[in-house]
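Working notes, beginning with the structure itself.
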Amino acid sequence: MVSYDRIMKLSLERGFYFPSSEIYSDSPAGFWEYGPNGNNIKNKFIELWRRELVRRDDMIEIDGSQIMSKNVFVASGHIDNFSDPVIVCSKCKSIFRADKFILETAGIDVPERVPNNEVDKILNQYNLKCPKCLSSFQQTERFNMMFKVGIGPNNDEAYLRPETCQTIFVDFTRIFKIMRGKLPVPIAQVGKSFRNEVAPRQSLLRLREFYQAEIEVFCNPNQLDAISKFDDIQDTTLTIDEGTKVSKLTAKEALDNQIIPNKLIGYYLSILYEFYEKTGIDMNQTRFRKLSDQEKAFYATIALDFEVKTSLGWLELVACNYRSDYDLSQHSKISREKMEIMDPVTNEKILPHVFELSLGVDRSIYSILEHSFAEDHENKRVVLKLKPYLAPILGAILPLVKKPELEEIAKNIYCNLKKDFDMYYDGSGSIGRRYRRLEEIGVPFAITVDYDTLKDSTVTIRYRDTMEQRRIKIKDLKSFFEINKKP
RNA sequence: GCGACGAUCGUCCAGUUUGGUCUAGGACAUCAGAUUGCCAAUCUGGUAACCCGGGUUCAAAUCCCGGUCGUCGCACCA
């Protein structure tokens with residue numbers, strides 16, 4: 001298996017991703033840039049997500065704000081649940097998690113959501129001091145994983161969203177009305193979320209600013225098995241890890257065996273699976289893992305993670321949570337906005353439930369890179385076997401040697417194709433070197449203009465994975481790329 | 001956030017032990033030119049780095065302190 005370090009090296013050398021603000025010594029951890037190649041892959045990944053999930057399932061896609069008011073997160077529970085009590089030594093400024101500290105020193109098991117004054121009381125009562133300098137602690141504070149921002153001259157309290165889905169929840173009633181929604185109605189969004197991670201690590205795998213592609217399926221909780229399109233995917237084979245046992249079985253079998261609770265969840269897990277199949281990730285190295293009650297988020301009643309095996313172990317790519325009506329009822333309560341809707345199918349007035357597929361884009365990109373990376377020792381080359389529709393560049397136009405008559409034709413071909421496809425022109429160095437360079441960033445096709453081109457207007461197509469070469473007429477190139485850029 | 005270790009061209013590494021030889025060297029990559037009829041060829045020339053701040057010293061890539069970042073472990077991952 002390719003190591004994390006090897007992918008990291010490739011990324012730095014070839015511009016997939018690299019640290020943000022790296023010329024400054026005070027640049028914070030957990031922020032990374034996509035370079036030209038990485039950005040192209042990311043855009044194409046998102047476009048594939050749209051094709052295979054959003055358009056396939058007639059989803060509605062929105063693009064919401066990244067900064068949202070305090071009340072949004074009071075309602076969502078993030079103000080309360082997303083923070084840890086923290087105590088700071090008044091002298092040496094050492095920081096401790098209050099609940100852990102009290103458990104370790106006084107042996108008292110306080111809940112994570114313990115009020116600040118309660119912590120202060122316990123510290124006093126048991127005379128707990130800083131273990132490093134034996135000084136007393138300052139008043140208990142909260143460390144919140146959300147980034148707080150101040151709006152306007154008064155610095156009104158607001159936050160960068162820690163998950164994209166909250167915009168979907170707060171917008172739900174308007175979207176449902178204007179789009180003449182019928183349950184189940186999936187609403188999708190791709191965008192950035194922000195979490196003030198304590199220890200961001202491993203580049204794209206734990207970021208403070210990251211892309212999520214989320215799908216919130218609003219549904220009638222009484223109609224979870226009334227999904228006729230389940231039949232389309234019932235033979236999709238899923239690997240499901242229930243903690244005690246791992247089963248590989250079709251969606252239908254999983255449903256029959258109660259491993260999946262209903263058709264709606266089965267359907268969405270299956271189309272998610274089929275989407276990832278198309279990314280080039282080795283599906284034998286993936287699984288859905290049922291989360292235990294301890295692992296589940298506070299809003300989830302059923303939770304499965306879609307995970308992929310990488311050199312760093314199993315990596316969570318998609319959180320699939322049945323959030324019930326938690327979010328809508330909370331937003332309804334705090335905003336005093338009625339969020340019940342008429343289900344036109346059953347003529348019931350209900351508060352919809354939500355099943356979500358919360359996908360981590362950056363982790364997916366990393367996994368695709370790792371699973372696409374191949375070292376071809378026989379030919380002494382490194383090949384990134386990206387699917388053509390995910391490759392940062394679809395094709396490169398190369399003059400065989402540096403001769404004006406070949407370069408002119410090659411540049412013409414390049415100019416004729418570059419508006420329709422992601423093309424690249426390279427005329428420097430030996431032809432073999434150029435092939436090697438291209439396959440390292442995953443360019444699937446190289447077009448070489450040679451001396452035969454002058455005679456019969458054909459060029460060589462070289463295939464990245466097999467190194468095979470075929471001749472094709474210049475005028476047929478457009479349709480060749482048209483066909484080959486499709487999933 | 002804690003602890004251990006580390007940080008030199010785009011990448012990998014030498015130089016730090018024992019301060020002066022370093023206006024920092026090599027390899028790969030890259031750029032320009034020459035050459036080249038298809039898989040990292042060759043020749044010539046070029047670009048390019050001591051993480052940041054402070055201190056010690058006649059003198060710091062090298063020693064000391066602080067910060068930042070990175071790797072690993074713990075914790076965290078709603």
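Within a heavy-atom distance below 4.0 Å of RNA chain B, the residues of residues 434-447 of chain A found are A/Tyr435, A/Arg436, A/Arg437.
At distances below 3.5 Å, not a single donor-acceptor pair connects side-chain atoms of A/Glu316 with backbone N or O atoms of A/Glu307.
Between A/Glu468 and A/Arg470 there is a salt bridge, since at least one side-chain N of the basic residue sits less than 4.0 Å from a carboxylate O of the acidic one. The pair A/Lys290-A/Asp241 fails the salt-bridge criterion, with no side-chain N (NZ, NE, NH1 or NH2) lying under 4.0 Å from an Asp/Glu carboxylate O.
Across A/Phe480, A/Tyr389, A/Phe481, a single residue satisfies ring-ring contact (aromatic ring centres under 6.0 Å, His included) together with A/Phe421, and that is A/Phe481.
Below the 3.5 angstrom threshold, one finds a donor paired with an acceptor across the side chain of A/Gln469 and the base of B/C38.
Of all nucleotides listed (B/C38, B/A41, B/G1), B/G1 comes nearest to the side chain of A/Val198. Residue A/Ala199 has its side chain nearest to B/A75 when only B/G37, B/A75, B/C38 are considered. Comparing atom distances between the A/Lys403 side chain and each of B/A41, B/C39, B/U36 picks out B/U36 as nearest. The side chain of A/Arg433 approaches B/A40 more closely than any other nucleotide in the set B/C38, B/A40, B/U11.
Applying the salt bridge (Lys or Arg N to Asp or Glu O under 4.0 Å) definition to pairs two or more places apart or across chains, those involving residues 442-459 of chain A are A/Asp450-A/Arg471, A/Asp452-A/Lys455. Residue pairs meeting the salt bridge (Lys or Arg N to Asp or Glu O under 4.0 Å) criterion with at least one member in residues 352-365 of chain A, sequence neighbours excluded, are A/Arg323-A/Glu356.
If you check every strand for non-hydrogen atoms under 4.0 Å, A/Ile431 touches sugar and phosphate atoms only. Here A/Lys380 lies in heavy-atom contact (under 4.0 Å) with a base. Using a 4.0 Å heavy-atom distance criterion, A/Met145 is classed as making no nucleic acid contact. Within the nucleic acid shown, A/Glu316 has no heavy atom closer than 4.0 Å to any nucleic acid atom.
Close to B/C31, at under 4.0 Å from its OP1 or OP2, lies a side-chain N or O of A/Ser428. Here A/Lys402 reaches the OP1 or OP2 of B/G33: one of its side-chain N or O atoms lies under 4.0 Å away.
Nucleotides B/U17 and B/U71, compared at atom C1', are 24 Å apart to the nearest Å. For the C1' atom pair drawn from B/U47 and B/C64, the interatomic distance equals 36 Å after rounding to whole Å. For the C1' atoms, the distance linking B/U36 with B/U44 amounts to 16 Å, nearest Å. Nucleotides B/U18 and B/G26 place their P atoms 28 Å apart, quoted to the nearest Å. B/U56 and B/A48 are spaced 32 Å apart, taking the C1' atom of each and rounding to whole Å. Across the P atoms, B/G53 and B/A60 are found 15 Å apart, a figure rounded to whole Å. Separating the C1' atom of B/A32 from that of B/A24 is a span of 25 Å, rounded to the nearest Å. Taking atom P in both B/C69 and B/A59, the straight-line distance is 32 Å, to the nearest Å.
For an aromatic pair to be called close, the ring centres must be under 6.0 Å apart, and A/Tyr463 with A/Phe445 satisfies this.
Toward the 5′ end of RNA chain B lies the nearest nucleotide of A/Arg462, the other residue of the pair A/Arg462 and A/Phe210 mapping further downstream.
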Stepwise side-chain contact (heavy atoms from CB on, under 4.5 Å) check, A/Phe288 with A/Thr239: CA-CA 6 Å; A/Phe288 285 97; A/Thr239 304; over 6 Å; no

Should A/Glu197 and A/Arg208 be marked as a salt bridge (charged side-chain N to carboxylate O under 4.0 Å, His left out) after you check the CA-CA gap, both sets of side-chain angles, and the distance that decides it? CA-CA 6 Å; A/Glu197 292 283 354; A/Arg208 288 185 163 133; over 6 Å; no

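To the nearest angstrom, P of B/U35 lies 15 Å from CG of A/Leu400. A straight line from OH of A/Tyr299 to P of B/C77 spans 12 Å, rounded to a whole angstrom. In this structure, the CZ atom of A/Arg289 is 12 Å from the C1' atom of B/C77, given to the nearest Å. Look at CZ on A/Arg14: it is 14 Å from P on B/C12, rounded to the nearest Å. Distance NZ (A/Lys9) to P (B/C28): 13 Å, rounded to an integer number of Å. A/Glu22 places its CD atom 13 Å from the C1' atom of B/A49, with the value rounded to the nearest Å.
Taking the six-membered ring where tryptophan is involved, the planes of A/Phe169 and A/Phe218 are perpendicular, since the angle between them exceeds 60° and thus also 30°. Using bins of under 30°, 30° to 60° and over 60° for the plane-to-plane angle, the ring pair A/Tyr17/A/Trp32 lands in the perpendicular bin. Note on ring orientation: taking the six-membered ring where Trp is involved, the planes of A/Tyr414 and A/Tyr425 are tilted (angle from 30° to 60°). The aromatic rings of A/Tyr273 and A/Phe306 sit perpendicular to each other, their planes meeting at more than 60°, with 30° as the lower class boundary.
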I'd like to compare against my own output: the B/S/- annotation of nucleotides 65-72 of chain B with a strict under-4.0 Å heavy-atom distance to protein. ---SSSSB

Taking Watson-Crick (N1-N3 plus N6-O4 or O6-N4) and G-U wobble (N1-O2, O6-N3), each under 3.5 Å, can you produce the dot-bracket string of RNA chain B? Use [ ] for crossing pairs and | for inter-strand ones. (((((((..((((......[....)))).(((((.......)))))....(((((..]....))))))))))))....

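Under the side chain to side chain donor-acceptor pair (under 3.5 Å) criterion, A/His331 pairs with A/Gln166, sequence neighbours left out.
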